Amino acid sequence: PTAPPPPPNYGVYLVTDSTPAILGSRDLVEVVEAALRGGVTCVQYRDKTGAQADVVATARRLHALTQRFGVPLLINDRVDVAVEVGCEGIHIGQDDMNVHEARKLVGRDKIIGVTASNADEAIRACEDGADYLGLGTVYSTATKKDTKSIIGPSGVRAILKAMVEAGHGAVPAVCIGGISNDNAARVLAQTNAAPAAKPLDGVAVVSAIIAADDPAEAARHLAGHIAVAAIPLVVGAVGRATPLSHNMTNLVVQNFAANVALAVGASPIMSNYAAEAADLAKLGGALVVNMGTVTPEGLANYKQAIKAYNDAGRPIILDPVGAGATAIRRAATAEILALGRFAVIKGNVAEIQSLYGVSVTQRGVDSTSELSIPERATLAAALARRHRTVVLLTGPTDIVSDGARTYRVDNGHAMLGRVTGTGCTLGTTISAMVAAHPADALLAAVAGAAVFGIAAQYAVERDEVRGPGSFVPAFLDELYSISRATAEGDLRWLVLAR
Ligand code: 3NM
Ligand code: MG
(Lines give C-alpha, C1' and ligand atoms only; values in the text may rest on other atoms or scores of the structure.)
(Ligands and ions follow the chains in the order given, each with its own letter.)
Protein backbone atom coordinates (compact mmCIF):
# COMPACT_ATOMS: atom_id res chain seq x y z
CA PRO A 1 0.00 0.00 0.00
CA THR A 2 1.29 3.47 -0.78
CA ALA A 3 0.97 6.13 1.88
CA PRO A 4 0.13 9.72 0.91
CA PRO A 5 3.28 11.86 0.53
CA PRO A 6 4.36 13.27 3.89
CA PRO A 7 3.76 16.99 4.52
CA PRO A 8 6.84 19.19 4.09
CA ASN A 9 9.16 19.20 7.06
CA TYR A 10 10.61 22.62 7.82
CA GLY A 11 12.77 21.45 10.73
CA VAL A 12 16.24 22.06 9.30
CA TYR A 13 15.59 24.58 6.57
CA LEU A 14 18.53 25.50 4.36
CA VAL A 15 18.55 28.76 2.41
CA THR A 16 21.34 28.87 -0.14
CA ASP A 17 23.73 31.68 -0.99
CA SER A 18 26.00 31.62 -4.00
CA THR A 19 28.12 34.65 -3.17
CA PRO A 20 31.84 33.98 -2.78
CA ALA A 21 31.86 35.46 0.72
CA ILE A 22 29.65 32.61 1.92
CA LEU A 23 29.94 29.77 -0.58
CA GLY A 24 33.62 30.31 -1.25
CA SER A 25 34.85 28.61 -4.39
CA ARG A 26 32.82 25.48 -3.78
CA ASP A 27 30.07 24.10 -5.98
CA LEU A 28 26.67 24.98 -4.53
CA VAL A 29 25.10 21.67 -5.52
CA GLU A 30 27.85 19.73 -3.75
CA VAL A 31 27.46 21.79 -0.61
CA VAL A 32 23.69 21.27 -0.64
CA GLU A 33 24.20 17.54 -1.15
CA ALA A 34 26.42 17.38 1.93
CA ALA A 35 23.84 19.37 3.88
CA LEU A 36 21.09 16.97 2.81
CA ARG A 37 23.21 14.05 3.97
CA GLY A 38 23.47 15.80 7.30
CA GLY A 39 19.71 16.04 7.70
CA VAL A 40 18.46 19.20 6.01
CA THR A 41 14.69 18.78 5.50
CA CYS A 42 13.87 21.68 3.16
CA VAL A 43 15.94 23.68 0.67
CA GLN A 44 15.34 27.20 -0.59
CA TYR A 45 17.47 28.23 -3.54
CA ARG A 46 18.16 31.93 -3.14
CA ASP A 47 20.01 33.79 -5.85
CA LYS A 48 18.89 37.37 -6.27
CA THR A 49 21.30 38.40 -8.99
CA GLY A 50 22.26 35.47 -11.21
CA ALA A 51 21.40 35.45 -14.89
CA GLN A 52 18.10 33.71 -15.58
CA ALA A 53 19.58 30.86 -17.62
CA ASP A 54 22.23 30.12 -14.99
CA VAL A 55 19.71 30.19 -12.18
CA VAL A 56 17.37 27.86 -14.02
CA ALA A 57 20.24 25.48 -14.73
CA THR A 58 21.32 25.42 -11.09
CA ALA A 59 17.73 25.06 -9.93
CA ARG A 60 17.34 22.00 -12.15
CA ARG A 61 20.48 20.39 -10.69
CA LEU A 62 19.30 21.20 -7.18
CA HIS A 63 15.87 19.76 -7.89
CA ALA A 64 17.29 16.48 -9.15
CA LEU A 65 19.26 16.32 -5.92
CA THR A 66 16.47 17.24 -3.51
CA GLN A 67 14.11 14.78 -5.20
CA ARG A 68 16.64 12.05 -4.49
CA PHE A 69 16.42 12.98 -0.81
CA GLY A 70 12.64 13.42 -0.81
CA VAL A 71 13.05 17.04 0.29
CA PRO A 72 11.13 20.01 -1.14
CA LEU A 73 12.97 22.64 -3.22
CA LEU A 74 11.64 26.18 -3.05
CA ILE A 75 12.88 29.14 -5.08
CA ASN A 76 13.36 32.53 -3.46
CA ASP A 77 11.47 35.34 -5.14
CA ARG A 78 11.95 34.19 -8.75
CA VAL A 79 8.56 32.65 -9.37
CA ASP A 80 9.27 32.18 -13.07
CA VAL A 81 12.23 29.95 -12.22
CA ALA A 82 10.05 27.77 -9.98
CA VAL A 83 7.43 27.44 -12.70
CA GLU A 84 10.01 26.56 -15.32
CA VAL A 85 11.75 23.97 -13.15
CA GLY A 86 8.55 22.51 -11.69
CA CYS A 87 9.92 22.35 -8.16
CA GLU A 88 7.80 22.27 -5.03
CA GLY A 89 7.28 25.98 -4.48
CA ILE A 90 8.55 29.47 -3.80
CA HIS A 91 9.47 31.79 -0.98
CA ILE A 92 8.60 35.48 -1.18
CA GLY A 93 9.44 38.47 0.98
CA GLN A 94 7.34 41.53 1.73
CA ASP A 95 8.95 43.40 -1.17
CA ASP A 96 8.42 40.61 -3.67
CA MET A 97 5.33 39.56 -5.60
CA ASN A 98 2.22 39.25 -3.43
CA VAL A 99 0.77 35.89 -2.47
CA HIS A 100 -2.31 36.12 -4.70
CA GLU A 101 -0.29 36.87 -7.83
CA ALA A 102 2.19 34.14 -6.97
CA ARG A 103 -0.58 31.63 -6.36
CA LYS A 104 -2.01 32.27 -9.82
CA LEU A 105 1.37 31.51 -11.34
CA VAL A 106 2.43 28.46 -9.34
CA GLY A 107 -0.96 26.83 -8.79
CA ARG A 108 -2.79 25.50 -5.80
CA ASP A 109 -0.60 22.51 -5.06
CA LYS A 110 2.72 24.35 -4.73
CA ILE A 111 4.18 25.65 -1.52
CA ILE A 112 4.27 29.40 -0.99
CA GLY A 113 6.34 30.65 1.93
CA VAL A 114 6.31 34.25 3.07
CA THR A 115 8.72 36.24 5.21
CA ALA A 116 7.14 38.26 8.03
CA SER A 117 8.79 40.44 10.62
CA ASN A 118 5.72 41.42 12.62
CA ALA A 119 2.27 40.12 13.53
CA ASP A 120 0.41 42.14 10.91
CA GLU A 121 2.56 40.81 8.08
CA ALA A 122 2.27 37.29 9.43
CA ILE A 123 -1.51 37.36 9.74
CA ARG A 124 -1.97 38.96 6.32
CA ALA A 125 0.23 36.26 4.77
CA CYS A 126 -1.83 33.54 6.45
CA GLU A 127 -5.07 35.13 5.27
CA ASP A 128 -3.65 35.31 1.74
CA GLY A 129 -2.97 31.57 1.82
CA ALA A 130 0.72 31.26 2.64
CA ASP A 131 1.70 27.65 3.32
CA TYR A 132 4.34 28.54 5.88
CA LEU A 133 6.06 31.62 7.27
CA GLY A 134 9.68 32.61 7.76
CA LEU A 135 9.89 34.88 10.81
CA GLY A 136 12.77 37.26 11.24
CA THR A 137 15.19 38.78 11.31
CA VAL A 138 16.05 37.11 14.60
CA TYR A 139 19.61 38.44 14.89
CA SER A 140 21.49 40.81 12.63
CA THR A 141 23.44 38.93 10.03
CA ALA A 142 26.17 39.64 7.52
CA THR A 143 24.34 37.39 5.05
CA LYS A 144 21.51 39.84 4.39
CA LYS A 145 22.41 43.44 4.85
CA ASP A 146 19.07 45.03 4.02
CA THR A 147 17.14 43.41 6.88
CA LYS A 148 14.47 45.66 8.34
CA SER A 149 13.82 44.77 11.93
CA ILE A 150 15.80 42.65 14.32
CA ILE A 151 13.14 40.98 16.44
CA GLY A 152 14.98 38.42 18.57
CA PRO A 153 13.41 35.25 19.97
CA SER A 154 10.85 37.32 21.90
CA GLY A 155 9.67 38.97 18.68
CA VAL A 156 9.31 35.56 17.07
CA ARG A 157 7.31 34.40 20.05
CA ALA A 158 5.00 37.41 19.84
CA ILE A 159 4.27 36.70 16.17
CA LEU A 160 3.54 33.03 16.91
CA LYS A 161 1.14 34.11 19.64
CA ALA A 162 -0.63 36.55 17.31
CA MET A 163 -0.92 33.82 14.66
CA VAL A 164 -2.68 31.52 17.11
CA GLU A 165 -4.98 34.28 18.33
CA ALA A 166 -5.96 35.07 14.74
CA GLY A 167 -6.77 31.41 14.11
CA HIS A 168 -3.65 30.60 12.07
CA GLY A 169 -1.92 28.36 14.57
CA ALA A 170 -1.78 25.51 12.07
CA VAL A 171 0.42 27.43 9.60
CA PRO A 172 4.00 26.17 10.00
CA ALA A 173 6.67 28.72 10.89
CA VAL A 174 10.44 28.83 10.95
CA CYS A 175 12.70 31.60 12.14
CA ILE A 176 15.60 33.09 10.21
CA GLY A 177 18.52 35.44 10.67
CA GLY A 178 21.77 34.86 12.49
CA ILE A 179 20.88 31.35 13.67
CA SER A 180 23.98 29.25 14.28
CA ASN A 181 24.86 26.00 15.96
CA ASP A 182 25.91 28.02 18.98
CA ASN A 183 22.55 29.73 19.48
CA ALA A 184 19.98 27.40 17.87
CA ALA A 185 19.17 25.51 21.06
CA ARG A 186 18.77 28.75 23.02
CA VAL A 187 16.64 30.40 20.33
CA LEU A 188 14.35 27.37 20.18
CA ALA A 189 14.11 27.17 23.96
CA GLN A 190 13.33 30.88 24.29
CA THR A 191 10.85 30.92 21.43
CA ASN A 192 9.08 27.79 22.58
CA ALA A 193 9.25 28.55 26.32
CA ALA A 194 6.03 27.96 28.19
CA PRO A 195 3.41 29.20 27.78
CA ALA A 196 4.26 28.99 24.10
CA ALA A 197 1.27 29.64 21.89
CA LYS A 198 2.73 27.52 19.16
CA PRO A 199 6.20 26.08 18.77
CA LEU A 200 8.43 26.85 15.82
CA ASP A 201 8.49 24.14 13.17
CA GLY A 202 12.16 24.68 12.49
CA VAL A 203 15.04 27.04 11.93
CA ALA A 204 16.22 28.47 8.62
CA VAL A 205 19.91 29.14 8.12
CA VAL A 206 22.25 30.28 5.40
CA SER A 207 25.78 30.73 6.67
CA ALA A 208 25.58 28.18 9.49
CA ILE A 209 25.58 25.50 6.80
CA ILE A 210 26.69 27.06 3.50
CA ALA A 211 29.75 28.74 5.01
CA ALA A 212 30.62 25.80 7.28
CA ASP A 213 33.85 23.88 6.73
CA ASP A 214 31.81 20.70 6.94
CA PRO A 215 28.22 21.39 5.81
CA ALA A 216 27.08 17.82 6.56
CA GLU A 217 28.32 18.03 10.12
CA ALA A 218 26.80 21.49 10.57
CA ALA A 219 23.43 20.21 9.35
CA ARG A 220 23.71 17.18 11.63
CA HIS A 221 24.30 19.48 14.61
CA LEU A 222 21.29 21.61 13.78
CA ALA A 223 19.13 18.51 13.32
CA GLY A 224 20.21 17.42 16.79
CA HIS A 225 19.14 20.76 18.27
CA ILE A 226 15.77 20.44 16.57
CA ALA A 227 15.27 16.94 17.98
CA VAL A 228 16.23 17.94 21.51
CA ALA A 229 13.95 20.97 21.34
CA ALA A 230 11.10 18.72 20.23
CA ILE A 231 11.33 16.43 23.26
CA PRO A 232 9.53 18.68 25.77
CA LEU A 233 6.98 19.58 23.09
CA VAL A 234 6.22 15.94 22.41
CA VAL A 235 6.13 14.87 26.05
CA GLY A 236 4.11 17.97 26.95
CA ALA A 237 1.62 17.11 24.22
CA VAL A 238 1.19 13.64 25.77
CA GLY A 239 0.51 15.22 29.15
CA ARG A 240 -2.10 17.56 27.70
CA ALA A 241 -3.84 15.04 25.45
CA THR A 242 -3.65 11.92 27.66
CA PRO A 243 -3.88 9.93 24.42
CA LEU A 244 -5.25 6.44 24.31
CA SER A 245 -2.56 3.79 23.93
CA HIS A 246 -4.36 0.77 22.62
CA ASN A 247 -2.13 -2.25 23.08
CA MET A 248 -2.65 -5.54 21.32
CA THR A 249 0.17 -7.20 23.09
CA ASN A 250 1.42 -10.41 24.55
CA LEU A 251 0.48 -11.96 27.85
CA VAL A 252 3.88 -11.37 29.41
CA VAL A 253 3.87 -7.58 29.32
CA GLN A 254 0.26 -6.47 29.61
CA ASN A 255 0.50 -5.18 33.15
CA PHE A 256 3.94 -3.60 32.72
CA ALA A 257 2.91 -1.89 29.46
CA ALA A 258 -0.22 -0.44 31.03
CA ASN A 259 1.84 0.97 33.89
CA VAL A 260 4.40 2.46 31.49
CA ALA A 261 1.60 4.11 29.50
CA LEU A 262 0.26 5.68 32.67
CA ALA A 263 3.72 6.81 33.75
CA VAL A 264 4.32 8.76 30.53
CA GLY A 265 0.89 10.36 30.75
CA ALA A 266 -1.11 8.21 28.34
CA SER A 267 -4.31 6.30 28.89
CA PRO A 268 -3.78 2.56 28.31
CA ILE A 269 -6.26 0.02 27.11
CA MET A 270 -5.17 -3.55 26.67
CA SER A 271 -7.47 -5.14 24.15
CA ASN A 272 -6.59 -7.97 21.80
CA TYR A 273 -10.16 -8.32 20.57
CA ALA A 274 -10.19 -6.51 17.23
CA ALA A 275 -13.94 -6.10 17.06
CA GLU A 276 -13.40 -3.22 19.49
CA ALA A 277 -10.76 -1.55 17.36
CA ALA A 278 -13.05 0.48 15.12
CA ASP A 279 -14.57 2.20 18.15
CA LEU A 280 -11.23 2.64 19.91
CA ALA A 281 -9.63 4.10 16.77
CA LYS A 282 -12.06 7.01 16.96
CA LEU A 283 -10.71 8.13 20.33
CA GLY A 284 -7.64 9.95 19.00
CA GLY A 285 -5.02 7.52 20.24
CA ALA A 286 -2.60 5.07 18.70
CA LEU A 287 -2.44 1.30 18.35
CA VAL A 288 0.45 -0.94 19.31
CA VAL A 289 0.54 -4.23 17.46
CA ASN A 290 2.97 -6.35 19.42
CA MET A 291 3.41 -9.77 17.84
CA GLY A 292 4.92 -11.38 20.91
CA THR A 293 2.58 -14.33 20.92
CA VAL A 294 1.41 -15.08 17.40
CA THR A 295 -1.58 -17.38 16.95
CA PRO A 296 -3.92 -17.76 13.96
CA GLU A 297 -6.64 -16.01 15.92
CA GLY A 298 -4.24 -13.29 17.04
CA LEU A 299 -3.12 -12.66 13.49
CA ALA A 300 -6.71 -12.25 12.31
CA ASN A 301 -7.25 -9.76 15.14
CA TYR A 302 -4.11 -7.76 14.22
CA LYS A 303 -5.28 -7.51 10.62
CA GLN A 304 -8.74 -6.29 11.53
CA ALA A 305 -7.40 -3.73 14.01
CA ILE A 306 -4.75 -2.45 11.59
CA LYS A 307 -7.45 -1.84 9.00
CA ALA A 308 -9.60 -0.02 11.56
CA TYR A 309 -6.76 2.31 12.62
CA ASN A 310 -5.64 2.92 9.02
CA ASP A 311 -9.23 3.74 8.06
CA ALA A 312 -9.48 6.17 10.97
CA GLY A 313 -6.15 7.78 10.02
CA ARG A 314 -4.70 7.03 13.46
CA PRO A 315 -1.10 5.89 13.93
CA ILE A 316 -0.01 2.30 14.46
CA ILE A 317 3.23 1.13 16.08
CA LEU A 318 4.30 -2.28 14.83
CA ASP A 319 6.46 -4.34 17.15
CA PRO A 320 7.33 -7.50 15.23
CA VAL A 321 8.66 -9.43 18.21
CA GLY A 322 10.82 -12.35 17.15
CA ALA A 323 10.08 -11.63 13.49
CA GLY A 324 12.87 -13.82 12.17
CA ALA A 325 12.60 -16.58 14.75
CA THR A 326 10.17 -18.94 13.04
CA ALA A 327 8.64 -19.49 9.62
CA ILE A 328 5.24 -18.66 11.15
CA ARG A 329 6.47 -15.29 12.38
CA ARG A 330 8.20 -14.47 9.10
CA ALA A 331 5.00 -15.16 7.20
CA ALA A 332 2.86 -13.25 9.70
CA THR A 333 5.02 -10.12 9.59
CA ALA A 334 5.19 -10.22 5.78
CA GLU A 335 1.43 -10.43 5.61
CA ILE A 336 0.95 -7.57 8.03
CA LEU A 337 3.48 -5.33 6.32
CA ALA A 338 1.75 -5.81 3.00
CA LEU A 339 -1.61 -5.04 4.53
CA GLY A 340 -1.27 -1.77 6.40
CA ARG A 341 0.55 1.50 6.94
CA PHE A 342 2.58 2.00 10.07
CA ALA A 343 3.72 5.19 11.75
CA VAL A 344 6.62 3.41 13.45
CA ILE A 345 8.13 -0.03 13.18
CA LYS A 346 10.16 -0.88 16.27
CA GLY A 347 12.49 -3.82 16.55
CA ASN A 348 15.95 -5.08 17.37
CA VAL A 349 18.52 -5.72 14.66
CA ALA A 350 17.42 -9.28 13.98
CA GLU A 351 13.77 -8.27 13.72
CA ILE A 352 14.45 -5.33 11.44
CA GLN A 353 16.80 -7.42 9.29
CA SER A 354 14.12 -10.05 9.00
CA LEU A 355 11.54 -7.46 7.93
CA TYR A 356 13.99 -6.14 5.36
CA GLY A 357 14.43 -9.63 3.98
CA VAL A 358 17.90 -10.36 5.28
CA SER A 359 17.98 -13.98 6.31
CA VAL A 360 18.86 -14.16 9.96
CA THR A 361 18.83 -16.85 12.53
CA GLN A 362 17.40 -15.56 15.70
CA ARG A 363 17.62 -17.29 19.02
CA GLY A 364 14.37 -16.83 20.89
CA VAL A 365 13.20 -13.25 20.74
CA ASP A 366 16.36 -11.62 22.08
CA SER A 367 18.62 -9.35 20.11
CA THR A 368 21.82 -11.06 18.95
CA SER A 369 23.22 -9.07 16.05
CA GLU A 370 26.60 -7.47 15.77
CA LEU A 371 26.04 -4.80 13.11
CA SER A 372 28.00 -1.57 13.50
CA ILE A 373 26.12 1.65 14.17
CA PRO A 374 26.52 2.97 10.59
CA GLU A 375 25.29 -0.41 9.31
CA ARG A 376 22.29 -0.19 11.63
CA ALA A 377 21.56 3.32 10.43
CA THR A 378 21.66 2.18 6.80
CA LEU A 379 19.36 -0.75 7.55
CA ALA A 380 16.86 1.36 9.47
CA ALA A 381 16.78 4.04 6.78
CA ALA A 382 16.33 1.46 4.02
CA LEU A 383 13.38 -0.22 5.72
CA ALA A 384 11.87 3.17 6.57
CA ARG A 385 12.07 4.26 2.93
CA ARG A 386 10.62 1.00 1.64
CA HIS A 387 7.55 1.22 3.87
CA ARG A 388 7.31 5.03 4.17
CA THR A 389 7.51 4.73 7.91
CA VAL A 390 9.76 5.50 10.84
CA VAL A 391 12.01 2.68 11.97
CA LEU A 392 13.18 2.54 15.57
CA LEU A 393 16.00 0.04 15.69
CA THR A 394 16.69 -0.71 19.33
CA GLY A 395 19.98 -1.61 20.94
CA PRO A 396 22.54 -0.06 23.26
CA THR A 397 22.31 2.81 20.78
CA ASP A 398 18.83 3.26 19.38
CA ILE A 399 18.63 4.31 15.74
CA VAL A 400 15.56 6.23 14.58
CA SER A 401 15.08 6.93 10.89
CA ASP A 402 12.39 8.02 8.48
CA GLY A 403 14.62 7.23 5.55
CA ALA A 404 15.77 10.83 5.14
CA ARG A 405 16.61 11.86 8.69
CA THR A 406 18.42 9.43 10.96
CA TYR A 407 19.07 10.00 14.66
CA ARG A 408 20.87 8.02 17.27
CA VAL A 409 19.80 7.97 20.89
CA ASP A 410 22.45 6.71 23.27
CA ASN A 411 20.35 6.84 26.40
CA GLY A 412 19.47 3.64 28.23
CA HIS A 413 21.08 1.10 30.50
CA ALA A 414 22.00 -2.57 30.29
CA MET A 415 19.53 -3.24 33.10
CA LEU A 416 16.72 -2.77 30.56
CA GLY A 417 17.91 -6.03 29.01
CA ARG A 418 17.63 -7.96 32.29
CA VAL A 419 13.91 -7.34 32.67
CA THR A 420 11.24 -8.81 30.45
CA GLY A 421 9.06 -6.55 28.39
CA THR A 422 11.15 -3.39 28.26
CA GLY A 423 11.30 -3.53 24.46
CA CYS A 424 7.55 -4.00 24.31
CA THR A 425 6.87 -1.16 26.74
CA LEU A 426 9.13 1.11 24.69
CA GLY A 427 6.63 0.45 21.89
CA THR A 428 3.86 1.53 24.21
CA THR A 429 5.82 4.69 25.11
CA ILE A 430 6.29 5.50 21.44
CA SER A 431 2.57 5.02 20.80
CA ALA A 432 1.79 7.72 23.36
CA MET A 433 4.30 10.11 21.79
CA VAL A 434 3.14 9.53 18.22
CA ALA A 435 -0.54 9.79 19.20
CA ALA A 436 0.13 13.19 20.75
CA HIS A 437 2.54 14.41 18.05
CA PRO A 438 1.45 12.74 14.81
CA ALA A 439 2.86 15.50 12.61
CA ASP A 440 6.39 14.17 13.04
CA ALA A 441 6.51 10.53 14.06
CA LEU A 442 10.30 10.58 13.76
CA LEU A 443 10.80 13.21 16.43
CA ALA A 444 8.03 11.63 18.50
CA ALA A 445 9.94 8.34 18.42
CA VAL A 446 13.22 10.08 19.28
CA ALA A 447 11.53 11.75 22.24
CA GLY A 448 10.07 8.47 23.44
CA ALA A 449 13.35 6.60 23.14
CA ALA A 450 15.25 9.37 24.92
CA VAL A 451 12.84 9.69 27.84
CA PHE A 452 12.63 5.90 28.22
CA GLY A 453 16.40 5.51 28.19
CA ILE A 454 17.05 8.37 30.59
CA ALA A 455 14.51 6.98 33.05
CA ALA A 456 16.51 3.73 33.07
CA GLN A 457 19.78 5.60 33.66
CA TYR A 458 18.28 7.48 36.57
CA ALA A 459 16.67 4.37 38.04
CA VAL A 460 19.92 2.39 38.31
CA GLU A 461 21.52 5.28 40.17
CA ARG A 462 19.02 4.99 43.00
CA ASP A 463 20.31 3.52 46.25
CA GLU A 464 17.55 0.98 46.56
CA VAL A 465 18.13 -0.54 43.13
CA ARG A 466 20.21 -3.70 43.51
CA GLY A 467 19.04 -5.71 40.51
CA PRO A 468 16.21 -6.34 38.04
CA GLY A 469 13.56 -6.75 40.71
CA SER A 470 14.10 -3.41 42.39
CA PHE A 471 14.84 -1.77 39.04
CA VAL A 472 11.30 -2.08 37.67
CA PRO A 473 9.50 0.06 40.27
CA ALA A 474 12.33 2.59 40.27
CA PHE A 475 12.15 2.76 36.48
CA LEU A 476 8.40 3.44 36.60
CA ASP A 477 8.97 6.18 39.18
CA GLU A 478 11.66 7.83 37.07
CA LEU A 479 9.62 7.57 33.89
CA TYR A 480 6.74 9.23 35.70
CA SER A 481 8.75 12.09 37.17
CA ILE A 482 10.85 12.68 34.04
CA SER A 483 7.74 12.80 31.89
CA ARG A 484 6.18 15.35 34.19
CA ALA A 485 9.29 17.49 34.42
CA THR A 486 9.83 17.33 30.65
CA ALA A 487 6.25 18.32 29.95
CA GLU A 488 6.92 21.38 32.08
CA GLY A 489 9.97 22.22 30.01
CA ASP A 490 12.61 21.07 32.47
CA LEU A 491 15.39 19.64 30.37
CA ARG A 492 18.19 19.71 32.92
CA TRP A 493 18.34 15.93 33.07
CA LEU A 494 18.57 15.46 29.37
CA VAL A 495 21.64 13.86 27.82
CA LEU A 496 20.75 13.08 24.27
CA ALA A 497 23.58 11.88 22.13
CA ARG A 498 23.32 12.63 18.48
N1 3NM B 1 16.22 36.40 5.16
P2 3NM B 1 22.17 33.61 8.08
S3 3NM B 1 17.65 36.99 7.16
C4 3NM B 1 17.71 35.15 3.67
O5 3NM B 1 15.08 38.27 7.95
C6 3NM B 1 17.44 35.86 4.91
O7 3NM B 1 14.01 37.69 6.19
C8 3NM B 1 16.19 37.03 6.34
O9 3NM B 1 21.32 34.20 6.90
C10 3NM B 1 15.00 37.74 6.85
O11 3NM B 1 21.51 32.32 8.46
C12 3NM B 1 18.37 36.08 5.93
O13 3NM B 1 23.51 33.39 7.50
C14 3NM B 1 19.77 35.64 5.96
O15 3NM B 1 22.14 34.62 9.17
C16 3NM B 1 20.00 34.61 7.02
MG1 MG C 1 13.06 38.23 -0.45
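First listed ligand is number 1; within each ligand, the first listed atom is number 1. Treat the numbers as computed from the prediction; the structure is a model and nothing was measured. For the single chain, residues carry numbers from 1 onward in sequence order.
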Check whether any side-chain heavy atom of [X] sits under 4.5 Å from a side-chain heavy atom of [Y], and report yes or no.
| X | Y | value |
| --- | --- | --- |
| V289 | Y309 | no |
| D47 | T58 | no |
| F452 | M433 | no |

Salt-bridge criterion met for D146 and K48 (N-O under 4.0 Å):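 Salt bridge between D146 and K48, a charged N being under 4.0 Å from a carboxylate O: no.
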Side-chain ion pair, E217 and R220, N-O less than 4.0 Å: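 A salt bridge is present here (some side-chain N lies under 4.0 Å from a carboxylate O).
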Residue that, paired with D131, satisfies salt bridge (charged side-chain N to carboxylate O under 4.0 Å, His left out) out of K110, R103, R108: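 The single option meeting the salt bridge (charged side-chain N to carboxylate O under 4.0 Å, His left out) with D131 is R103.
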Near ligand 1, at a heavy-atom separation below 4.0 Å: residues by chain and residue number: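 Heavy-atom contacts below 4.0 Å: R46, T115, G136, T137, T141, T143, K144, I176, G177, G178, V205, V206, S207.
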